[in-house]
Amino acid sequence: MEKPHPIALPSVLIIGGGVIGAASAHYLSQAGCKVTIIDRGRFAGACSHANCGLISPSHVLPLAEPGMLSAGLKAMLNPASPLRIKPRLDWQFLKWLFNFGRRCNFEDMLESARGIQPLLDSSRELYDELVKVQGLACEWQTQGCLFVYKTKEALDHFGATDKLLGEVFNAGSTLIRGHELTDFEPALKPGLAGGWFHSHDAHLRPDVLMKSWRAHLERGGVTIREQCELQDWIMTDGRVTGARTSQGNYEADQVVVATGALTPLLHKLLGVKVPIQPGKGYSITMPRPSICPTHPMLLPEARVAVTPFDTGYRLGSIMELAGYDDTLDPKRVALLKNGARDYLHEPTAEPVVETWFGWRPMTPDSRPIIDRAPIAENVWLAAGHNMLGLSMAPATGKLVSELILGKQPHVNPRPYRLDRF
């Protein structure tokens with residue numbers, strides 16, 4: 001009796017060396033595929049480098065929620081607002097803003113949240129496995145995340161949101177009021193109204209993760225090429241059979257485009273204008289202050305995130321919808337320092353190791369796009385993870401692998417289809 005022939009696994013070319021590309025490469029390589037990653041810049045050189053490192057199952061709700069559009073329009077009149085929309089005559093941006101605005105209602109918010117949560121919950125479990133079983137180094141900590149409020153009005157207002165998170169999504173938090181807050185987190189100043197603590201959240205240091213993941217991928221046979229820009233496809237009978245790049249041609253049976261906020265720039269190669277806008281965020285990385293927080297924190301009224309790492313400390317956030325503006329505005333950076341000053345005994349430390357910005361890939365409904373691209377049935381999109389790329393990466397990479405290999409998806413892929421727009 002003849003032995004059955006093994007099924008040939010596809011070779012896969014991944015465009016984009018961020019955390020989504022790395023996670024996709026990880027699970028495809030584990031399945032036995034030959035994988036190559038190319039990036040027009042550095043591996044992990046964009047938004048995967050210096051974000052705040054939060055792994056947030058608590059962040060179920062989308063940016064498009066009731067009242068958010070009016071808040072954004074008001075922010076246009078206030079140059080000091082941490083949320084900024086730059087007015088401009090850009091048809092794709094105006095179309096994006098219209099679609100965002102029409103989703104700022106309760107029903108659409110819940111629909112988006114039901115698509116966001118499976119990727120967050122799955123990724124939270126997968127990170128535990130990546131750290132404990134695969135041995136990825138990333139300064140992994142499971143200290144939860146503390147949402148801190150300066151005013152009682154804002155603290156109590158979040159109570160309705162927390163009730164929704166608990167009753168509908170089983171993602172509620174614990175209320176900590178007044179003086180109990182400084183007992184819980186001594187790095188905070190006294191006199192704050194209180195906080196909400198999400199115990200299941202975690203955090204890691206993104207640059208350490210990506211360095212470790214790169215080494216892990218290369219040991220597993222994944223090829224990584226930097227400064228390698230996609231120029232065109234090689235097409236045969238309606239399929240993409242390779243890519244022309246600035247470093248020559250690469251053959252592939254399947255292609256994954258994981259180019260984050262830069263995805264719209266590839267619209268001719270994808271056969272579609274992907275509804276992603278770059279949402280600019282900033283961070284400052286420093287040594288740990290002498291009074292360093294134990295828990296990562298979000299300061300919603302200031303729109304600042306505070307992350308203590310084993311080997312450093314970071315302030316980050318801000319949201320600018322200003323197109324592909326590549327300036328590092330010191331006034332926007334100052335908002336991070338000024339915002340943290342009202343909350344922390346030592347909001348900053350010296351010297352500043354890095355001041356950074358990155359473009360988050362924002363979709364109108366806060367859900368990523370994980371689907372085939374119109375150009376060819378063997379080209380896949382994995383982009384548009386908004387502010388949660390790090391939090392969603394492992395589940396996205398695993399889902400991409402399952403879709404390419406025809407396996408049963410571990411999460412329902414329907415909420416991430418391209419044709420929802």
Side-chain angles (χ1 to χ4, degrees), residues 7-29 31-38 92 96 99 112 115-116 118-119 122 230-245 250-276 361-386 389 392-421:
I7 298 173
L9 291 167
S11 60
V12 184
L13 177 65
I14 296 176
I15 317 296
V19 70
I20 301 300
S24 299
H26 176 90
Y27 290 101
L28 285 162
S29 176
C33 296
K34 179 183 177 183
V35 181
T36 299
I37 299 174
I38 67 170
Q92 290 303 316
W96 184 97
N99 286 325
S112 287
I116 291 168
L119 292 177
S122 172
L230 174 66
Q231 296 174 336
D232 203 354
W233 302 126
I234 301 169
M235 304 285 293
T236 305
D237 297 328
R239 286 176 60 88
V240 169
T241 54
R244 294 187 175 91
T245 80
Y250 289 87
E251 295 182 354
D253 300 312
Q254 299 281 338
V255 177
V256 179
V257 178
T259 45
L262 300 179
T263 305
L265 304 181
L266 300 175
H267 65 93
K268 291 182 180 178
L269 293 176
L270 297 174
V272 64
K273 292 184 177 179
V274 181
I276 288 174
M362 309 298 293
T363 58
D365 61 4
S366 296
R367 282 179 276 161
I369 299 163
I370 308 170
D371 199 0
R372 299 178 195 269
I375 192 68
E377 57 87 23
N378 64 326
V379 176
W380 299 83
L381 274 168
H385 290 74
N386 294 260
M392 292 180 170
T396 298
K398 185 173 182 179
L399 178 59
V400 166
S401 174
E402 291 161 345
L403 292 172
I404 287 176
L405 299 177
K407 296 182 178 179
Q408 179 65 35
H410 78 289
V411 297
N412 181 3
R414 185 171 182 81
Y416 322 116
R417 285 173 52 164
L418 179 60
D419 63 7
R420 71 183 189 269
F421 296 110

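What you see below is based on every heavy atom in this structure, not just the backbone, and it leaves out hydrogens, waters and symmetry mates. When a residue number appears, it is its place in the shown sequence, counting from 1.
- Shown here for G238 and A376, the closest heavy-atom pair between the two residues is O-CB, 3.7 Å.
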TODO: Take Y27 and E402 through the side-chain contact (heavy atoms from CB on, under 4.5 Å) test and state the conclusion after the steps.
DONE: CA-CA 9 Å; Y27 290 101; E402 291 161 345; over 6 Å; no
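- Rounding to the nearest 0.5 Å places CG of D371 at 10.0 Å from CG of L399.
- The two residues A261 and I276 make their nearest non-hydrogen contact at CA-CG2, 4.1 Å.
- Taken from CG in L403 to CD in Q254, the straight-line distance is 10.5 Å, to the nearest 0.5 Å.
- The side-chain contact (heavy atoms from CB on, under 4.5 Å) search around I375 returns W233, A373, V379, not counting sequence neighbours.
- Nearest heavy atom pair, residue M362 against residue N386, reads CA-OD1, 3.4 Å.
- No side-chain heavy atom of F421 sits under 4.5 Å from any side-chain heavy atom of N99.
- The CD1 atom of I38 sits 5.5 Å away from the CG atom of L230 when rounded to the nearest 0.5 Å.
- Counting only residues at least two apart or on different chains, the salt bridge (charged side-chain N to carboxylate O under 4.0 Å, His left out) pairs with a member in residues 410-421 are D365-R420, R417-D419.
- Of all non-hydrogen atoms in G21 and I37, the two that sit nearest each other are O-CD1, 4.2 Å.
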Open item on the list: As a quick check of understanding, evaluate side-chain contact (heavy atoms from CB on, under 4.5 Å) for T263 and I369, giving each step before the final call.
Closed with: CA-CA 11 Å; T263 305; I369 299 163; over 6 Å; no
Task: Derivation and outcome, side-chain contact (heavy atoms from CB on, under 4.5 Å), residues L265 and T259 - done: CA-CA 10 Å; L265 304 181; T259 45; over 6 Å; no
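- Taking OG1 from T363 and CG from L418, the interatomic distance works out to 11.5 Å, rounded to the nearest 0.5 Å.
- For residues 251-272, no pair satisfies salt bridge (charged side-chain N to carboxylate O under 4.0 Å, His left out), with sequence neighbours left out.
- Residues Q92 and P264 fail the side-chain proximity criterion, which asks for heavy atoms closer than 4.5 Å.
- A distance of 9.5 Å separates CZ of R244 from CD of Q231, quoted to the nearest 0.5 Å.
- A heavy-atom distance below 4.5 Å is found between the side chains of V256 and I404.
- Here the straight-line distance linking atom NZ of K34 with atom CG of L9 works out to 13.0 Å at 0.5 Å rounding.
- The two residues A258 and I20 make their nearest non-hydrogen contact at CB-CG2, 4.1 Å.
- Residues M235 and V240 have side chains in contact (heavy-atom distance under 4.5 Å, counting atoms from C-beta outward).
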TODO: Any chance you could lay out the side-chain contact (heavy atoms from CB on, under 4.5 Å) test for L119 and Y416, step after step, and finish with the verdict?
DONE: CA-CA 10 Å; L119 292 177; Y416 322 116; 3.5 Å; yes
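- Side-chain contact between L405 and P10 is present, with at least one heavy-atom pair separated by less than 4.5 Å.
- Taking both residues in full, the closest heavy atoms of A252 and S11 are given as CA-OG, 3.5 Å, listed atom of the first, atom of the second, then distance.
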